[in-house]
There are 2 protein chains.
Amino acid sequence: MRPDTSGAVQRPGGRRKVTTAAELEKVAFDLFDEQGFERTTVTDIAAAAGIARRTFFHYFPSKNDIPWGDFDSGLERMRAEFRALPEDLPLMDAVRHCLVEFNRVPEEQVPEHRRRMRLILGVPALQAHSTLRFESWREVVAEFAGHRLGEPSTALTPQTIAHAALGVALSAYQHWLDHPELALSDLLDTAMRELARAHADQ
Amino acid sequence: MRPDTSGAVQRPGGRRKVTTAAELEKVAFDLFDEQGFERTTVTDIAAAAGIARRTFFHYFPSKNDIPWGDFDSGLERMRAEFRALPEDLPLMDAVRHCLVEFNRVPEEQVPEHRRRMRLILGVPALQAHSTLRFESWREVVAEFAGHRLGEPSTALTPQTIAHAALGVALSAYQHWLDHPELALSDLLDTAMRELARAHADQ
DNA sequence: CACGGTATTTGCACCGGGTGCATTTTCACA
DNA sequence: TGTGAAAATGCACCCGGTGCAAATACCGTG
């Protein structure tokens, strides 16, 4: 039998990694809490983590990427979520459903999630950077919408639906950050329904 | 009678400005065409314009702001556009109408507009930066939606409508850039209608 | 015409993010 | 005890952006 290659990357020799992205993220978040994002330099983070500044960039492509965790791996989850949906569920209901499910977090991780999102959506530099990260998220939605509509995902309607879905998510998130007593899932669901309602109302 | 203070700022003495933002923009755009946005440095632009690098930053807060022209002044135009609409025009019809009108450009300015938008929506750094510039645009829409709904513009629904409207605009623009033969106005109108249709379809 | 006030330009030193490259360190395994 | 591979590191840069002080050009006035 071949050696187990699942989980961590196999290591056929070579120096051990001295830390992890998750660990660096933790160190960085603490500094961000203390002194804010912009006032924290990469040098600060590296020093606090006990690594060289240069090494930091082996773990994160940029300072702006620190708060994103394994966002990309979540995309595959969402794709699966879309696939699992019954074919006869109306398109926008399906989108709403996945919006809610994709953003469901276990209760105990809520404070952590809130902190992360407050950074991403609150700090201008990160807000700007988020556009780039959200592109692949939109693409997942567009693919699904295109599939349902029998159009390429690059067509106008799928792209529009994807953009709108992202907009809904962002406004729900912003509201959630401003109103800690409200549940994110409810806000996402409501926002999506209210948009449909606005479109329907004459 | 007081001297005319309309138009250009009055100059009660002091050194003359040596150039204008518009002129710098022109110089910069030429360089962008030649060598691309990222490969063009601020130093390049300043040199080509015959000013000091430091002076450039008296005309633009950042390199990323070059392609934006007088975008902010356009916002007031859009606000007026919203105000001029009949009160009984359904909310989303009003939004669609303003979306189309705000983005209407005289035929002769179309190539210029396309070049500008191809930069803004095509170069990652500018794409990211655009998020920050679009915030005030969204706010205009949210204010109108809030007004119509009898809610503060910060409420969930107005914000969602604003985010969605921006999404629609972005997807229409992207499509326009990819398909030069199509008219921007039509794409904006269609995108908005298709989103409504998607929401309505069961 | 010289002068004084004013706004703009400029130079300079500096900071922070990010990269390319060569070198050193640490590890597994033979 | 090597030997090869991966990771960490150091260093020299580049670029965008800022704070500050000095130089420069313009205006109106005496």
Side-chain angles (χ1 to χ4, degrees), chain A residues 3-5 8-25 27-28 31-32 35-68 119 123-130 132, chain B residues 2-5 8-25 27-28 31-32 35-68 119 123-130 132-133:
Chain A
D4 179 21
T5 56
V9 185
Q10 80 274 24
R11 228 171 39 72
R15 184 172 176 171
R16 276 183 186 122
K17 292 206 177 217
V18 74
T19 183
T20 62
E23 181 58 28
L24 283 181
E25 179 194 296
V27 169
L31 289 174
F32 296 161
Q35 24 175 341
F37 179 83
E38 19 238 347
R39 302 201 43 193
T40 303
T41 72
V42 171
T43 308
D44 289 341
I45 299 168
I51 61 174
R53 179 184 131 88
R54 188 67 182 83
T55 306
F56 169 88
F57 291 102
H58 287 344
Y59 287 86
F60 292 96
S62 82
K63 183 186 171 188
N64 288 342
D65 285 300
I66 296 177
W68 286 87
L119 264 182
V123 175
L126 296 178
Q127 203 180 328
H129 184 71
S130 72
L132 307 175
Chain B
R2 310 272 287 297
D4 178 22
T5 57
V9 186
Q10 79 277 21
R11 226 169 41 72
R15 185 170 177 171
R16 277 183 185 122
K17 291 205 179 220
V18 76
T19 184
T20 62
E23 181 58 30
L24 284 181
E25 180 194 297
V27 170
L31 289 174
F32 296 160
Q35 23 174 343
F37 179 84
E38 17 239 345
R39 300 201 46 193
T40 303
T41 73
V42 171
T43 307
D44 289 341
I45 300 168
I51 62 174
R53 178 184 132 86
R54 187 67 181 83
T55 306
F56 169 87
F57 291 104
H58 282 86
Y59 287 85
F60 292 96
S62 81
K63 182 185 172 189
N64 288 341
D65 286 299
I66 297 177
W68 286 86
L119 263 183
V123 176
L126 295 178
Q127 202 179 330
H129 185 71
S130 72
L132 307 176
R133 303 292 312 246

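As the structure is a computational prediction, the values presented were derived from the model and not from experiment. We name chains A, B, ... by the order of the sequence lines, and we start the count at 1 in each one. When reading the values below, keep in mind they use all heavy atoms of this one structure, side chains included, and skip hydrogens, waters and symmetry mates.
The listed nucleotides are D/dT9, C/dC27, C/dG18; the one nearest the side chain of A/Ala52 is D/dT9. The nucleotide whose nearest atom lies closest to any side-chain atom of A/Lys17 is, among C/dG17, D/dA8, C/dT10, D/dA8. Side-chain proximity of A/Val42 to the nucleotides D/dG17, D/dT9, C/dG17 is greatest for C/dG17.
Atom CD1 of A/Ile51 and atom C1' of D/dG10 are 14 Å apart (whole Å).
Residue-to-nucleotide proximity on DNA chain D shows that, of A/Val18 and B/Arg39, the 5′-proximal contact is made by A/Val18. Of the two residues near DNA chain D, A/His58 and B/Thr43, the one whose nearest nucleotide lies more 5' is A/His58. Position along DNA chain C of the nearest nucleotide to A/Pro61 versus B/Thr55 favours B/Thr55 as the more 5'-ward residue.
Residue pairs meeting the salt bridge (charged side-chain N to carboxylate O under 4.0 Å, His left out) criterion with at least one partner in residues 39-57 of chain A, sequence neighbours excluded, are absent.
An OP1 or OP2 oxygen of D/dC27 is reached within less than 4.0 angstrom by a side-chain nitrogen or oxygen of B/Arg16. The shortest distance between the side-chain N/O atoms of B/Ser62 and the OP1/OP2 oxygens of D/dG16 is not below 4.0 Å.
Residues meeting the side-chain hydrogen bond (donor to acceptor under 3.5 Å, both in side chains) test with B/Glu25, sequence neighbours left out: B/Arg116. With sequence neighbours excluded, no residue satisfies side-chain contact (heavy atoms from CB on, under 4.5 Å) with A/Ala47.
Between the OG1 atom in A/Thr41 and the CD atom in A/Gln35 there is a gap of 8.0 Å [rounded to 0.5 Å]. Rounded to the nearest 0.5 Å, atoms CZ (B/Phe60) and CD1 (B/Ile45) are 8.5 Å apart. Rounding to the nearest 0.5 angstrom, the gap separating the CZ atom in A/Phe57 from the CD1 atom in A/Ile51 is 10.0 Å.
Taking each heavy atom of A/Ala49 and A/Leu24 in turn, the nearest pair found is CB-CD2, 3.4 Å. A/Leu31 and A/Ala48 get closest at one heavy-atom pair: CD1-CB, 3.9 Å.
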Report all side-chain donor-acceptor pairs from residues 61-68 of chain A shorter than 3.5 Å, counting only partners two or more places apart or in another chain.
unit_1  : atom_1 : unit_2   : atom_2 : d
A/Ser62 : OG     : A/Asn64  : N      : 3.2
A/Ser62 : OG     : A/Asp65  : N      : 3.4
A/Ser62 : OG     : A/Asp65  : OD2    : 2.9
A/Lys63 : NZ     : A/Phe37  : O      : 3.0
A/Lys63 : NZ     : A/Thr40  : O      : 2.7
A/Asp65 : OD1    : A/His129 : NE2    : 2.9
A/Asp65 : OD1    : A/Arg133 : NH1    : 2.9

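Residue-level contact check: A/Tyr59 touches the backbone only, with heavy atoms under 4.0 Å from sugar-phosphate atoms and none from bases.
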Any protein N or O atoms within reach of nucleotides 13-15 of chain C? Criterion: under 3.5 Å, listing atom names and distances.
none

Give each protein N/O atom lying under 3.5 Å from an N/O atom of nucleotides 1-6 of chain C, with the pair distance.
unit_1 : atom_1 : unit_2  : atom_2 : d
C/dT6  : O2     : B/Gly14 : N      : 3.4

